[in-house]
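Quick caveat: nothing in here was measured; it's all calculated off a predicted structure. Chain letters run A, B, ... following the sequence lines, proteins first, then strands; residues in each count from 1.
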2 protein chains.
Amino acid sequence: MKQYLEILRNCPLFQQIEEENLLTMLGCLGAKVEFFDKKYTIMAEGTPAKYIGILLSGSAQIARSDYYGNRSILSNIGPAEVFGEAFACAEMGAIPVTVIANEPCTVMLIDRDHILHTCRNQCGFHQQLIFNLMKDLATKVLVFHQKIEVVSKRSTRNKLMTYLMLQAKKQSSNRFTIPFDRQELADYLEVDRSGLSAEIGKLSREGILRSHRHHFELL
Amino acid sequence: MKQYLEILRNCPLFQQIEEENLLTMLGCLGAKVEFFDKKYTIMAEGTPAKYIGILLSGSAQIARSDYYGNRSILSNIGPAEVFGEAFACAEMGAIPVTVIANEPCTVMLIDRDHILHTCRNQCGFHQQLIFNLMKDLATKVLVFHQKIEVVSKRSTRNKLMTYLMLQAKKQSSNRFTIPFDRQELADYLEVDRSGLSAEIGKLSREGILRSHRHHFELL
DNA sequence: CTCCGTTTGTTGAAAATTCAACATACTTTT
DNA sequence: AAAAGTATGTTGAATTTTCAACAAACGGAG
């Protein structure tokens, strides 16, 4: 576990918890670490919401597919980010999404029961953990607000521009990269891929943006 | 405050807290109660995310409008439901939504600082409050997942059917009422109102549903 | 370096959505 | 009970999106 402390320091769940206490706590929580190769499923839709996941290395995609094969990407996560916590904390029977490794991933898994139903009133670190989880969930709600802001736009062009402007803001620059290829961006924006490509081409010709693959620049 | 205990008992924030302790706690939190007439703004977009709100009576709508006047309805809330907690807990500077009274409303407001930054490690009720807030936020994430599931569908028909099937499930019946009129439903589904009306008409002629105003029946 | 699989861009036709305008139904007010 | 205001349904034209199919560009493996 010691090798992961550096990353866990950046994890929202463990803020304000000293490193020496963190190791003890991970033991107490029964945290385990697993590895997933590229394209492997870290959590599968329909399986029990038993674990809270923390990405230690790599990146992963949170998505769902409806029964006509339309994939909808909810978000993309990187090292130190938490996933599955909402379903675990709400004690759902089954999770409604699939988490897939974009590249080889190291994942820490913590049983929800160890967080929700153990020693809640005894240990101070545990109290801090609950507090951190609460803050993390609050920011997750904001992430979904943003996604809804994007997909609530009525045209491909407006969805795309809303998304790109949010990314520019987040990366504090008019030049930035996005974590999606074209198909994935279309799946995030909930639009047709070819229509999205066409719209990017049109915006380029109008001098509104420049782009190459994952790189974008707003002009 | 005593008159509101009955409702607060159903509020997710105060589960597992005895009534006698609840009154003390509300004092300690500096909870205040305000009244809003129909159509009045309970929280305005852009104002500081200073308060967590609890609806004591009436109903309200959580919505946002983009700068071309397209309104997007995020959800509809009723008595004992909590609102604004995600923005308050994430300590945002400004809230990105507007909360409007559908009818005369009684609202309890609690300053976020009293929840987040006071006596966090002393008082047991407070610990329970944080825990409840965490659970509440987890279910809020699920609410947004559902909304995204609905609006990610590519056609008006699929959005509508997905929404109606979720409502039928939630109300455990093929006959149910929805909290929206046609314009509001269109704003929730992020589609054109007249197109929505046309689609409802078509589904009726196809024998898939029956509807009258807020009442629907899936066949 | 070449080959092969994947990603991205392009096109045109079909289908769906939006928009504006109006008719009808329903509610509330006076 | 009539009038005024609001909500809902309907229509057709304009716009946009989707879909399928293909071409071009790119990247990795050998």
Side-chain angles (χ1 to χ4, degrees), chain A residues 37-39 61 66 68-73 100 102-104 150-164 177-206 208-216, chain B residues 37-39 61 65-66 68-73 76 100 102-104 150-164 177-206 208-216:
Chain A
D37 265 337
K38 186 172 176 172
K39 306 239 177 186
Q61 225 164 53
D66 62 24
Y68 280 105
N70 255 332
R71 179 174 64 165
S72 167
I73 294 180
I100 292 183
N102 283 333
E103 47 188 312
V150 169
V151 303
S152 73
K153 296 291 185 293
R154 301 300 172 82
S155 65
T156 297
R157 165 180 287 237
N158 278 326
K159 286 179 188 178
L160 174 61
M161 286 305 292
T162 303
Y163 173 74
L164 292 179
T177 60
I178 64 172
F180 300 129
D181 64 27
R182 292 289 180 274
Q183 181 62 62
E184 291 168 337
L185 180 56
D187 290 342
Y188 179 85
L189 300 178
E190 324 279 8
V191 299
D192 179 66
R193 181 198 60 79
S194 71
L196 172 62
S197 269
E199 201 61 50
I200 290 174
K202 205 186 324 179
L203 285 163
S204 297
R205 283 190 295 281
E206 291 176 21
I208 294 173
L209 61 77
R210 285 170 50 77
S211 75
H212 181 70
R213 306 231 154 203
H214 295 231
H215 298 274
F216 283 81
Chain B
D37 264 337
K38 186 172 174 172
K39 306 239 177 183
Q61 224 163 53
S65 293
D66 62 24
Y68 281 104
N70 254 333
R71 179 175 63 165
S72 167
I73 294 180
N76 203 285
I100 292 183
N102 283 333
E103 48 189 309
V150 169
V151 303
S152 73
K153 295 292 185 295
R154 300 302 171 81
S155 65
T156 298
R157 166 180 288 235
N158 278 327
K159 287 179 186 175
L160 174 61
M161 286 306 290
T162 302
Y163 173 74
L164 293 179
T177 60
I178 65 173
F180 300 129
D181 63 28
R182 291 292 180 272
Q183 181 63 59
E184 292 168 336
L185 180 56
D187 290 342
Y188 179 85
L189 300 178
E190 325 279 9
V191 299
D192 178 67
R193 181 197 60 79
S194 71
L196 172 62
S197 268
E199 201 60 50
I200 290 174
K202 204 186 325 179
L203 285 163
S204 296
R205 282 190 296 280
E206 291 175 22
I208 294 172
L209 61 76
R210 285 169 48 77
S211 75
H212 181 69
R213 306 234 154 198
H214 295 231
H215 298 274
F216 283 81

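D:dA25 atom C1' lies 13 Å from atom CZ of A:R182, rounded to whole Å. Between A:K153 atom NZ and D:dT15 atom P there is a gap of 23 Å when expressed in whole angstrom units. Per the geometry, CG belonging to A:L196 stands 14 Å off C1' belonging to C:dT10, to the nearest Å. Counting to the nearest Å, the C1' atom of D:dA29 and the NZ atom of A:K38 are 13 Å from each other. One interatomic measurement links the two molecules: CG of B:D181 to P of D:dG9, which rounds to 11 Å at whole-angstrom precision. For B:I200 and D:dT11, the CD1 to P distance is 16 Å, given to the nearest whole Å. Straight-line distance from the NE2 atom of A:H214 to the P atom of C:dT7: 9 Å, rounded to whole Å. A straight line from CZ of B:R210 to P of D:dT8 spans 18 Å, rounded to a whole angstrom.
Scanning all heavy atoms of the two residues, the minimum distance from B:R182 to B:L196 falls at O-CD2, 3.6 Å.
In terms of the side chain to side chain donor-acceptor pair (under 3.5 Å) criterion, B:T162 has no residue partners (sequence neighbours excluded). A:E184 pairs by the salt bridge (charged side-chain N to carboxylate O under 4.0 Å, His left out) definition with nothing, not counting sequence neighbours.
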Return the polar atom pairs (N/O with N/O) between nucleotides 15-19 of chain C and the protein under 3.5 Å, or none.
from	atom 1	to	atom 2	distance (Å)
C:dT17	OP1	B:T156	N	2.4
C:dT17	OP1	B:T156	OG1	3.2
C:dT18	OP2	B:D192	N	2.8
C:dC19	N4	B:S194	OG	3.2

Polar atoms only, N or O, under 3.5 Å: list the protein pairs with nucleotides 26-30 of chain C and their distances.
from	atom 1	to	atom 2	distance (Å)
C:dC26	O4'	B:R213	NH2	3.4

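For the helix from C:dC1-D:dG30 to C:dT30-D:dA1, the angle separating the two terminal helix axes comes to 50°, with each axis derived from five pairs and the value rounded to 10°.
Residue pairs meeting the salt bridge (Lys or Arg N to Asp or Glu O under 4.0 Å) criterion with at least one member in residues 193-205 of chain B, sequence neighbours excluded: B:R157-B:E199.
At least one donor-acceptor pair under 3.5 Å links the side chain of B:H214 to the backbone N or O of B:I178.
Using a 4.5 Å heavy-atom threshold, the side chains of B:K159 and B:R154 count as separate. A heavy-atom distance below 4.5 Å is not found between the side chains of A:D181 and A:R213.
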